[in-house]
Amino acid sequence: MSNSAPTGVPQKSTKLVLAYSGGLDTSVAIRWLKDKGWDVIAFTVDLGEKKDLDAIQARALKTGASAAYVADGRIPFLELFVWPSLQAGAVYEKEYPLATALGRPLIAAMMVEVARREGASAIAHGCTGKGNDQVRFDVTTAALAPELQVIAPVREWGMNRDDEIEYAKQHGIEVPATVRSPYSTDENLWGRSIEAGVLEDPWAEPPADVYTWTRDPRQCPDEPAYIEIGFKQGLPVSLDGKATNALDLVTSLNRIGGENGVGRIDHLENRLIGIKSREIYEAPAAVLLLQAHQALEDITLPKEVARFKDLVSQQWSQLVYDGLWFSPLRDALNAFVAETQTHVTGEVRIKLFKGSSHVVGRKGPQQLYQLSLATYGQGDAFDQSSAEGFIKLWGLGVRTSAKVQGQLHARELGNLLGEVKRLATSPPAGQGPSTSPASGEDTTP
């Protein structure tokens with residue numbers, strides 16, 4: 001059965017696993033899919049959204065699902081997806097820490113597991129045809145269970161939000177009675193994304209109500225805060241000298257960073273399908289951990305490894321953003337990244353102040369920074385006499401080219417000096433008495 005098959009009634013099992021958020025789209029999707037002949041099993045996973053999971057589970061059953069799963073995915077999310085990406089230094093287009101992009105392959109992988117447990121022949125999600133998440137769900141399913149059909153009701157039913165609300169009324173579907181936000185948001189432990197509304201104008205400054213995790217820098221404490229993050233082989237293991245687990249560490253850094261206004265990102269990004277999209281992100285923990293990890297790599301990775309790893313980081317970020325977490329290339333890159341982290345152990349100190357964060361200290365037991373080589377003071381162990389021979393060999397090719405081919409001399413460099421001011425106590429060699437003013441100033445161009 002094709003992975004992109006239409007919504008028609010399946011030839012095998014009528015069971016289908018739906019990624020269920022409890023909102024309007026997926027609540028309507030339960031009834032819509034049932035009308036198409038599917039036996040809907042709702043699946044909800046907690047990645048740190050702070051939702052009432054019991055209420056969501058009950059709503060799924062009341063809306064028409066034959067079963068409803070709720071799973072705690074916070075630890076697997078951090079340990080299996082976020083931590084490897086932190087080690088890789090993954091930041092999409094130098095801005096986005098990939099929070100939502102990292103959560104989707106985990107959700108899809110869990111849905112595949114539920115589908116196999118329930119004997120389902122398809123999974124479904126509430127993604128639109130314009131976004132990146134549809135690709136992440138579809139491609140992850142293709143990689144892990146190519147036999148499963150993937151259905152995306154929002155891509156097929158042709159309803160807008162008002163149509164969905166009317167559909168819900170007609171079919172007695174209860175949806176949360178909340179004031180409609182002008183924004184579309186998604187959040188997990190690694191970050192919160194906000195789009196739509198006034199944010200669709202890239203010239204407009206984001207209004208204050210966009211942010212919920214981070215304080216306005218003007219309202220932050222008047223004294224800086226300092227934190228120390230400890231790493232072992234590229235993984236964060238302590239905060240301010242105290243050992244901590246992944247969940248507590250990220251939760252604490254989100255709180256501390258948010259209180260100091262750190263983690264706001266305004267990004268004009270390139271979606272996979274070719275659309276440019278303006279996105280606002282809040283990611284205090286991600287910003288701080290990525291910053292700290294980079295600082296520790298700066299002091300522990302050899303130059304050539306660090307520079308090549310920059311290329312790997314970029315490719316890793318692109319793969320994750322494009323929904324290719326489960327791919328041969330990402331697996332291969334992971335092997336390289338893991339090898340680079342062998343000596344990335346130590347502590348990093350960060351200063352947070354009114355919306356900014358700066359690394360102000362870093363150290364590691366296997367750091368490549370050696371004071372005896374770097375210092376200009378006492379204890380300097382660098383052999384400066386070796387520099388002359390090194391430079392002669394380093395510049396040998398340039399020197400040979402200049403002598404034989406004259407390329408450097410053949411260029412028209414013009415009068416680089418222009419007018420200069422020259423002071424002298426005597427005329428230049430080979431010239432007569434100076435015509436300079438009595439002060440000794442020579443204004444010859």
Side-chain angles (χ1 to χ4, degrees), residues 45-50 71-110 132-133 136-137 140 186-193 213 227 229-239 243-258 262-263 265 267 281-297 309 312-327 330-331 333-338 340-341 344 348 350 357:
V45 58
D46 178 16
L47 297 183
E49 298 95 325
K50 301 176 182 177
D72 185 350
R74 292 175 298 171
I75 296 301
F77 175 56
L78 292 175
E79 294 184 348
L80 301 180
F81 292 83
V82 171
W83 276 184
S85 293
L86 172 63
Q87 290 179 309
V91 180
Y92 181 65
E93 295 183 337
K94 302 178 182 180
E95 296 279 353
Y96 173 37
L98 296 164
T100 299
L102 286 168
R104 297 309 189 227
L106 171 60
I107 297 172
M110 287 179 156
N132 301 303
D133 283 339
R136 296 160 186 159
F137 277 108
T140 296
D186 183 81
E187 66 182 60
N188 59 41
L189 288 165
W190 202 231
R192 176 173 178 264
S193 64
W213 285 15
I227 58 173
I229 303 173
F231 289 83
K232 184 176 182 180
Q233 295 188 334
L235 296 178
V237 294
S238 68
L239 179 61
T244 182
N245 60 47
L247 181 57
D248 290 342
L249 176 63
V250 170
T251 302
S252 296
L253 289 178
N254 274 327
R255 176 182 54 81
I256 297 169
V262 173
I265 300 167
H267 185 206
Y281 299 107
E282 291 184 284
V287 168
L288 292 170
L289 283 169
L290 284 162
Q291 192 174 31
H293 181 264
Q294 180 62 58
L296 195 56
E297 284 195 333
K309 187 172 180 290
V312 172
S313 299
Q314 182 179 354
Q315 185 64 61
W316 181 294
S317 302
Q318 190 72 56
L319 288 170
V320 173
Y321 189 86
D322 291 348
L324 295 172
W325 177 273
F326 296 103
S327 65
R330 214 278 310 171
D331 283 346
L333 295 180
N334 187 58
F336 170 82
V337 169
T340 67
Q341 301 303 291
V344 185
V348 178
I350 299 180
S357 60

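Quick caveat, the model's predicted, so the values are computed rather than measured.
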> At their closest point, which heavy atom of L288 faces which heavy atom of I229, and how far apart are they?
Replying inline: O-CD1, 4.3 Å
>> Just to verify, what does P284 make a side chain to side chain contact (heavy atoms under 4.5 Å, CB included) with, not counting sequence neighbours?
In response: W213, T214, N254
>> Minimum heavy-atom separation for V287 and G263, please, with both atom names.
In response: CG2-CA, 3.9 Å
> When rounded to the nearest 0.5 angstrom, what distance separates CG in L253 from CG in D248?
Replying inline: 11.0 Å
> Out of curiosity, F77 CZ to D72 CG, how far, rounded to the nearest 0.5 Å?
Replying inline: 12.5 Å
>> Under a 3.5 Å distance rule, please check whether R330 uses its side chain to pair with a backbone N or O of W325 as donor and acceptor.
In response: yes
>> Are the side chains of L78 and V250 in contact, using a 4.5 Å heavy-atom criterion?
In response: yes
> Between atom CG of L290 and atom CD of Q87, what is the distance when rounded to the nearest 0.5 Å?
Replying inline: 11.5 Å
>> Before you tell me yes or no, could you show the steps for Q341 and E297 under side-chain hydrogen bond (donor to acceptor under 3.5 Å, both in side chains), namely the whole-Å CA-CA distance, both residues' side-chain angles and the distance that decides it to 0.1 Å?
In response: CA-CA 8 Å; Q341 301 303 291; E297 284 195 333; 2.8 Å; yes
>> Using every non-hydrogen atom in the two residues, find where Y96 and H267 come nearest and quote the distance to one decimal.
In response: CB-ND1, 3.9 Å
> With sequence neighbours excluded, what pairs up with Q291 under the side chain to side chain donor-acceptor pair (under 3.5 Å) test?
Replying inline: S357
>> Please find the pair of heavy atoms, one from S317 and one from V91, that lie closest to each other, and give the distance.
In response: OG-N, 3.0 Å
>> Ignoring hydrogens, what is the shortest heavy-atom contact between P236 and L289? Give both atom names and the distance.
In response: CB-CD2, 3.8 Å
>> Could you tell me if the side chain of R104 sits less than 4.5 Å from the side chain of T140, heavy atoms only?
In response: no
>> Quick one: does any side-chain atom of K309 pair with a main-chain N or O of V337 as donor and acceptor, under 3.5 Å?
In response: no
>> For a side-chain contact (heavy atoms from CB on, under 4.5 Å) check, start with the C-alpha distance between I107 and R136, then their side-chain angles and the critical distance, and finish with the verdict.
In response: CA-CA 10 Å; I107 297 172; R136 296 160 186 159; over 6 Å; no
> With side chains defined as the heavy atoms from C-beta onward, is the minimum distance between L319 and L333 less than 4.5 Å?
Replying inline: yes
> Is E49 atom CD crowded by more than 12 heavy atoms from other residues, nucleotides or ligands, each under 6.0 Å away?
Replying inline: yes
> To the nearest 0.5 Å, what is the distance between CD1 (I75) and CG (L80)?
Replying inline: 10.0 Å
>> Working to the nearest 0.5 angstrom, can you tell me the gap between L98 CG and W316 CH2?
In response: 10.5 Å
> Under 4.5 Å between any side-chain heavy atoms of L47 and L189, yes or no?
Replying inline: no
>> Main chain of A99, side chain of N188: is a donor-acceptor contact present, judged purely on distance under 3.5 Å?
In response: yes
> Is the side chain of N245 donor-acceptor paired with the backbone N or O of L247 at a distance under 3.5 Å, no angle test?
Replying inline: yes
>> Using every non-hydrogen atom in the two residues, find where F81 and F326 come nearest and quote the distance to one decimal.
In response: CZ-CZ, 4.1 Å
>> Run N132 and Y321 through side-chain contact (heavy atoms from CB on, under 4.5 Å) and show every step you take.
In response: CA-CA 8 Å; N132 301 303; Y321 189 86; 2.9 Å; yes
> Are side-chain heavy atoms of R192 and Y281 found at a separation under 4.5 Å?
Replying inline: no
> Any side-chain heavy atom of S252 within less than 4.5 Å of one from T244?
Replying inline: no
>> Using 0.5 Å steps for rounding, measure from the CG atom of L239 to the OG1 atom of T251.
In response: 11.5 Å
